[in-house]
Number of protein chains: 2
Amino acid sequence: MSDVAARAGVSAITVSRALRTPEKVTPELRAEIARAVDYLGYVPHAAARALASKRTDVIGVIIPSITNSVFADVMRGIYAEVDSTPFKIQLANTRYSPRMEENLLRVFLGQNPAGLVVTGIDQSETARALLEAAPCPVVQIMEIGDDPVDLMVGFSHHEAARATAEHLLKRGYRKLAFLGARMDPRSQRRFNGFREAASAAGAFSESRVVTSTSPSSVTLGAQLFAELIDRAPDVDAIFCNNDDVALGAMFEARRHNVSIPDQMGLCGFNDLEMMAVAEPPITSVRTFRYEMGRRAINMLVGALDEKADRTNAVVDLGFEIRARQSTNRSTIERHSLHP
Amino acid sequence: MSDVAARAGVSAITVSRALRTPEKVTPELRAEIARAVDYLGYVPHAAARALASKRTDVIGVIIPSITNSVFADVMRGIYAEVDSTPFKIQLANTRYSPRMEENLLRVFLGQNPAGLVVTGIDQSETARALLEAAPCPVVQIMEIGDDPVDLMVGFSHHEAARATAEHLLKRGYRKLAFLGARMDPRSQRRFNGFREAASAAGAFSESRVVTSTSPSSVTLGAQLFAELIDRAPDVDAIFCNNDDVALGAMFEARRHNVSIPDQMGLCGFNDLEMMAVAEPPITSVRTFRYEMGRRAINMLVGALDEKADRTNAVVDLGFEIRARQSTNRSTIERHSLHP
DNA sequence: CCCAGCTAAGATAGCGCTAACAATGCAGGA
DNA sequence: TCCTGCATTGTTAGCGCTATCTTAGCTGGG
């Protein structure tokens, strides 16, 4: 930096200011400094800045699993949004362990992050305390709840699943099943919403619930489907915890010569791009994962601004049921079954 | 740190040593210091360390696109392997722009990274020069070539595609087509390998090549398939640039009542988990993306060790053709076509 | 018994930057 | 004219750690 300062004929601090707070330097000097920076290929030293200013340009992101494809879209959104800011992302995963989450928080907080992004609302008491005491904005993503630590962006998994069950009921299905991989807290809340709506219509049965602790996959979806129709052959519609499972169920249904949607309704969750182009196209619940990542960063960067108003601290991105052929029982069939 | 030192009754530098180079501190003091660290919840300040030691624990990873799902698996492997090391990952994407890659390299190099991971072998001249002058290990991933900057882990896309075309030929297909999304340099090399093998057998025709600059997706696969059979109805087997495209082609084939594998062979690339469980199961080329991420970090960390031998600087992870039903033309059909 | 040759711990300085305060220059009012 | 007040630039010190040099203590060969 002193080389740049020498070349521009100013002191080091002026270069620092020209870079950090350009409005405090006259335009002429600013231009001169910019020229020197360019000429020398000067790149500021992040560590030195962090040490001197007790501030870093790192946003810590804590997710439970990198494997889980749901987070891939969120991360895409995060990286996309962060690209237009001076911030950097530091990603860590807890492998669904609360202990791990606490440790990671401690490590991140030790580095004075510019902000933190954490997943969900089920932090341990210790983690929660750490977050509330954090000297930086915190965004909870993936779902919304009544008691945000600070900022929050997501949607109600309970509501989304309830609405989906109601969609199946409206389409005339009466023996609803639930296929679930890796029942994390959000999956659990989806299940609760599903059960609530199905039970209210007398369409729920514990025997039509098949779950697994394994991570979600298309293969697992096929297995769960096979297990389901073996155990409960009377099922007439399936709500899958997510789209991988739904796709696997669809393939397995074909192998079992079960026709979708007439013999069996099928519905996924997340609305991956492929659901619309599958044959038949599969009904799914669109969630705004990419948007969620972008908003998380956007809100965080906004909160870093002194003059930001803290209204809209909780953003509900909602969901959309994309009704497709896989839950579109033909009229004749519907009538014959439910006259 | 001085608090820890005071509590353990030693000087700050001894704490530093106990943490960085424990073998230089007697076991008793080490234990005492560990106790103090634990008691005080001390977390070392990364920025201060970086500034003082001119070394960071950051490994820079540069990939062309976060959207591209191929890199998701690589990143999983990278994060998995880095978890057992003190290093952190800093991810950046070039959006397939060489200019961007140069800038990112300059930024990373300005921070004294512990290592760099870059994608492919098509760096610009400037980028190449920066990498060769880098004061840290560099790993090129995704493919292998004759002229590594330093370390390299990947496989030959040309060979993989050639072998796939030969697989199709062996199965009796004679009018091979190529569907390609986003033709980046590696896709291009795959295409070249495919053309080489197909041409040698007289099974290649430019009219059966349909590509797009759009990013890969299942939807795009369906579109490319539709375009292909419209343009070249005589096609009897398709090599898809990747599995998304293959899956889309499969769905679209069903809509066109084209039966796979008898009327049309279908083959993907990457062997995503779902290919084996699709109906029919789809032949694909297994590539070791997760392993590639792990090895990249593993090699990099190994190279950081003084005493490491630099044999095995280039690792070819190879590929495997997973022959499945989608290229398994029935015997009768094969004989009637090629008696 | 002495001292070279080692190991373990400490003292000092400085990494590259910015916070905080200081100094300078200049406009405009008394 | 002087002084106040603001805008702009400079000076100084220190962020938390580690490289480097130094010192202390200890071993063992001649």
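Since the structure is predicted, the reported quantities are computational estimates derived from the model, not experimental observations.
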Sugar-phosphate, base or nothing in reach of A:Arg30, heavy atoms under 4.0 Å: nothing

Other residues, nucleotides, ligands: >12 heavy atoms within 6.0 Å of A:Arg186 CZ: yes

Decide whether [X] and [Y] meet the rule of one side-chain donor and one side-chain acceptor closer than 3.5 Å.
X        : Y        : result
B:Thr287 : B:Arg289 : yes
B:Arg99  : B:Ser97  : no
A:Glu101 : A:Ser124 : no

Please tabulate, for side-chain N and O atoms in residues 56-63 of chain A, each donor-acceptor pair with protein atoms closer than 3.5 Å (sequence neighbours left out).
from	atom 1	to	atom 2	distance (Å)
A:Thr56	OG1	A:Val58	N	3.4
A:Thr56	OG1	A:Asn112	O	2.8

With 3.5 Å as the limit, what N/O pairs link the protein to nucleotides 23-27 of chain C?
none

Salt bridge A:Arg7-A:Asp38, side-chain N to carboxylate O under 4.0 Å: no

Within residues 103-115 of chain B, residues whose heavy atoms come under 4.0 Å of DNA chain C: none

Backbone N/O of B:Ala72 and side chain of B:Ser69: donor-acceptor pair under 3.5 Å: no

Check: B:Glu23 main-chain N/O paired with B:Thr21 side-chain donor or acceptor under 3.5 Å: no

Sequence-aligned protein contact record of nucleotides 5-17 of chain C, with B where the base is within under 4.0 Å of a protein heavy atom and S where only the sugar-phosphate is: ---SBBB--BBBB

Heavy-atom side-chain proximity of B:Phe87 to B:Val301 below 4.5 angstrom: yes

Under the ring pair (Phe, Tyr, Trp, His ring centres under 6.0 Å) test, residues paired with A:Phe155 that sit two or more places apart: A:His157

Derivation of the side chain to side chain donor-acceptor pair (under 3.5 Å) call for B:Gln123 and B:Gln140: CA-CA 10 Å; B:Gln123 283 79 27; B:Gln140 290 168 291; 3.2 Å; yes

Test salt bridge (Lys or Arg N to Asp or Glu O under 4.0 Å) applied to B:Arg294 and B:Glu291, step by step: CA-CA 5 Å; B:Arg294 295 199 61 148; B:Glu291 183 63 19; 5.4 Å; no

Verdict with reasoning, B:Arg128 to B:Asp147, per salt bridge (Lys or Arg N to Asp or Glu O under 4.0 Å): CA-CA 11 Å; B:Arg128 173 91 195 187; B:Asp147 188 22; 3.2 Å; yes

Protein-nucleotide distance (B:Asp57, atom CG; D:dT18, atom C1'), rounded to Å: 15 Å

Report, one pair per line, the protein and nucleotides 22-27 of chain D atoms (nitrogen or oxygen only) whose separation is under 3.5 Å.
none

